[in-house]
Amino acid sequence: MPLFNIPFRLCSVPCLTMGADVYSPEQVSTHNDAADLWITIDQEVYDLSNFIEEHPGGANILLTVAGKDASKLFYCYHRKAIFNRFKDRLCVGVLGRSAKSVIAKRFFFGIQIGILCKERRR
């Protein structure tokens, strides 16, 4: 289940369009085996569960980054053009902050708004 949903278009990247699901690093880290393999690249979340057999480099390299940020390793072996070829099919959402940091930020932001409202009323 996504952490929250982005209700607007952020940019022209296909994965960041209207309604993109946002996942925390903790959520991504639970998808860490061959049957359920997710990775992140450049703050985007990819489901490679059905791609693992197609990967020309084999399954082992994908399993080493399963549930993790694979950006550095990906760009060691691939050009951006390769990345864009599979993006539409494999991208399932974007990487957000951990659930704890989102809750803390909402709490802090709520306190700030409350203080601002009280100051305006005076």
Side-chain angles (χ1 to χ4, degrees):
M1 177 125 206
L3 188 59
F4 52 91
N5 196 280
I6 299 175
F8 52 88
R9 186 178 177 88
L10 293 176
C11 67
S12 61
V13 178
C15 194
L16 297 179
T17 57
M18 187 172 196
D21 290 331
V22 179
Y23 297 94
S24 72
E26 293 89 356
Q27 289 173 306
V28 174
S29 70
T30 63
H31 302 273
N32 57 10
D33 58 48
D36 184 23
L37 195 156
W38 287 17
I39 63 169
T40 62
I41 299 172
D42 296 338
Q43 302 297 307
E44 295 175 342
V45 180
Y46 294 88
D47 182 353
L48 304 183
S49 305
N50 296 323
F51 180 74
I52 195 165
E53 298 300 322
E54 293 178 51
H55 188 250
N60 286 338
I61 191 112
L62 294 179
L63 290 170
T64 62
V65 292
K68 303 175 190 168
D69 181 11
S71 301
K72 288 181 184 177
L73 188 61
F74 178 85
Y75 287 117
C76 285
Y77 294 101
H78 305 91
R79 297 183 327 269
K80 191 81 170 177
I82 299 293
F83 177 66
N84 290 332
R85 198 166 61 185
F86 295 99
K87 192 174 203 166
D88 290 340
R89 186 176 75 160
L90 302 174
C91 187
V92 294
V94 294
L95 188 65
R97 290 177 293 245
S98 69
K100 289 179 183 176
S101 69
V102 169
I103 291 167
K105 184 173 182 174
R106 286 182 182 168
F107 178 75
F108 180 70
F109 184 69
I111 290 172
Q112 285 182 319
I113 293 297
I115 291 169
L116 288 173
C117 291
K118 285 179 185 177
E119 287 177 3
R120 282 191 161 173
R121 288 184 203 151
R122 290 182 186 170

Parallel under 30°, tilted from 30 to 60°, perpendicular over 60°: which one fits the rings of His55 and Phe51?
-> perpendicular
Do the side chain of Ser49 and the main chain of Leu37 share a donor and acceptor less than 3.5 angstrom apart?
-> yes
Between Val22 and Leu95 the two heavy atoms that sit nearest each other are CG1-C, 4.3 Å
Rounded to the nearest 0.5 Å, the CZ atom of Phe86 sits from the CD atom of Glu54 at a distance of 7.0 Å
For the residue pair Gly93 and Tyr23, what are the closest heavy atoms and their distance?
-> CA-CE1, 4.2 Å
Heavy-atom closest contact (Arg79 atom, Phe74 atom, distance) = O-CE2, 4.4 Å
Between CG on residue Asn60 and CD1 on residue Ile52, distance to nearest 0.5 Å | 8.5 Å
Atom CD of Glu53 with >12 non-hydrogen neighbours under 6.0 angstrom = no
Evaluate the criterion side chain to side chain contact (heavy atoms under 4.5 Å, CB included) for residue pair Gln43 and Val94; output intermediate values, then yes/no.
-> CA-CA 6 Å; Gln43 302 297 307; Val94 294; 6.0 Å; no
Kindly compute the distance separating CD1 (Ile39) from CG (Leu62), expressed to the nearest 0.5 Å.
-> 6.5 Å
Can Val45 and Asp21 be said to form a side chain to side chain contact (heavy atoms under 4.5 Å, CB included), step by step?
-> CA-CA 9 Å; Val45 180; Asp21 290 331; over 6 Å; no
Please determine if Lys80 and Asp42 form a salt bridge, counting it only when a charged side-chain N lies under 4.0 Å from a carboxylate O.
-> yes
Gap between atom CG of Asp33 and atom CG of Asp36 - 0.5 Å precision = 6.0 Å
For the pair Ile41 and Tyr75, evaluate side chain to side chain contact (heavy atoms under 4.5 Å, CB included) and give the outcome as yes or no after the intermediate values.
-> CA-CA 9 Å; Ile41 299 172; Tyr75 287 117; 4.2 Å; yes
Between Asp69 and Ser71, which heavy-atom pair has the shortest distance, and what is it?
-> OD1-OG, 2.7 Å
